[in-house]
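Chain A is the first sequence line, chain B the second, and so forth, proteins listed ahead of strands; every chain is numbered from 1. The analysis underlying the following values was restricted to heavy atoms, covering all of them including side chains, and did not include hydrogens, waters or symmetry mates.
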Amino acid sequence: MKGAQPTFSTPDLSHIKSADYEHVYEPAEDSFLMLDALESEYAFLNQLQPSICVEVGSGSGVCITFLAQCLGPSAFYMCTDLNPAAARLSQATGRQNNVLVQPVTCDLTSALEHRLKGQIDVLLFNPPYVVTPSSEVGSRGIEASWAGGEKGREVTDRFLPSVSHLLSSKDEIEDMMMTAGFQMTVVNTRKAGREHLSVLKFTRVT
Amino acid sequence: MKLLTHNMLTSNIIKGVTKGFPLGIQPSRVEVQEVDFNPDFITRILPKLDWPALRQAATEVGHGDGLPEALPESVDGDEGLQKMLHNILLQVEVLEGELVCPETGRKFPIQNGIPNMLLNETEVS
């Protein structure tokens, strides 16, 4: 029993209409696994005393809103999505739950990267991971929320070098991240149908 | 869009743009929305700010009055200044307008408080 572990409720999503989910990814198993991971990592995140938290590809905004609910107004919560409908919904989800979430419509962290170099304390990324033809990657609509292209990794592979230099299989990811000075922890995993989901946590050790 | 968000945006995503900072703001609708004052946050966010850019942005949206030219090393204990910073960082909200690349003049729309920094394929660096 971890007595001191507080619990947090899932963000209120009642403002979202079913029509919104024609344009934006509806929170699903992978999103909720991320929420569970954030909750179980609360003590770690809280002691970091973050001032800038960013989610890349925020979709409905459920993850960044939950993070803001957990950690409170002592940090600034930004998110990006290249789908303008997702950026609007992320903003609305923050408002619905009385937290300030600042969306920017852009590709990954492109418009923020220069100024936020070395400044992001908590970075959330739940990448599109479904294996699809490469031609489906790069849309600015709802397809962008799942289309992972070849091996389901095209978006992940494009993004991770800007965090550090990484990626291939999980073990390889761990090795590469260690070389780059990061420690990897598997926060939690879940089987969802034929998907095997994991939330990985990277912390800088050097 | 809060001015703290603006302080983190650059247009060097455009082909040929080297710095792209700070983006000019041409506001058409600005509001002041009440946000709880958190002096601890103000203190911790200061080292991450580009002050000249923030001051310029505040002036462009009509909230630059009384801002010092340079920030003191610490704002601890100066509640007046902390509240002034709180206001321009978190309370002033640019709802509608445009961001302007300082090098190319390329404009990016701000709608419902959300800046849209998407580029056409031909513009990407």
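No side-chain heavy atom of A/Asp107 sits under 4.5 Å from any side-chain heavy atom of B/Val124. Contact check for B/Leu9 versus A/Arg115: no side-chain heavy atoms found under the 4.5 Å cut-off.
The contact between B/Ile13 and chain A is made entirely by side chain atoms (from C-beta outward), counting heavy-atom distances below 4.5 Å. Heavy atoms closer than 4.5 Å to chain A are found in the side chain of B/Phe21, but not in its backbone. With a 4.5 angstrom heavy-atom cutoff, B/Asn116 touches chain A via backbone and side-chain atoms both. Heavy-atom distances place the backbone of B/Leu49, and not its side chain, under 4.5 Å from chain A. Within the 4.5 angstrom heavy-atom criterion, only side-chain atoms of A/Leu116, from C-beta onward, approach chain B. With a threshold of 4.5 angstrom between heavy atoms, B/Leu89 does not approach chain A through any atom at all. The part of B/Glu93 that comes within reach of chain A is its side chain, from C-beta onward, which places non-hydrogen atoms under 4.5 angstrom from that chain.
B/Lys48 contributes a side-chain N or O that, together with a main-chain N or O of A/Gln119, makes up a donor-acceptor pair within less than 3.5 Å. Between the side chain of A/Gln102 and the backbone N or O of B/Met1 there is no donor-acceptor pair closer than 3.5 Å.
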Exercise for the section: Starting from the C-alpha separation in whole Å, work towards a yes-or-no answer on side chain to side chain contact (heavy atoms under 4.5 Å, CB included) for A/Thr105 and B/Met117. Expected result: CA-CA 6 Å; A/Thr105 309; B/Met117 302 300 292; over 6 Å; no
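The residue among A/Arg88, A/Met78, A/Gln91, A/Gln49 with the most heavy atom pairs within less than 4.5 Å of chain B is A/Gln91.
When every heavy atom of A/Ser74 is checked against every heavy atom of B/Asp40, the shortest pair comes out as CB-OD2, 4.4 Å. Taking every heavy atom of both residues into account, B/Pro115 and A/Pro103 meet most closely at CD-O, 3.5 Å. The minimum heavy-atom distance between B/Thr10 and A/His114, with the atom names listed, is OG1-CB, 3.9 Å.
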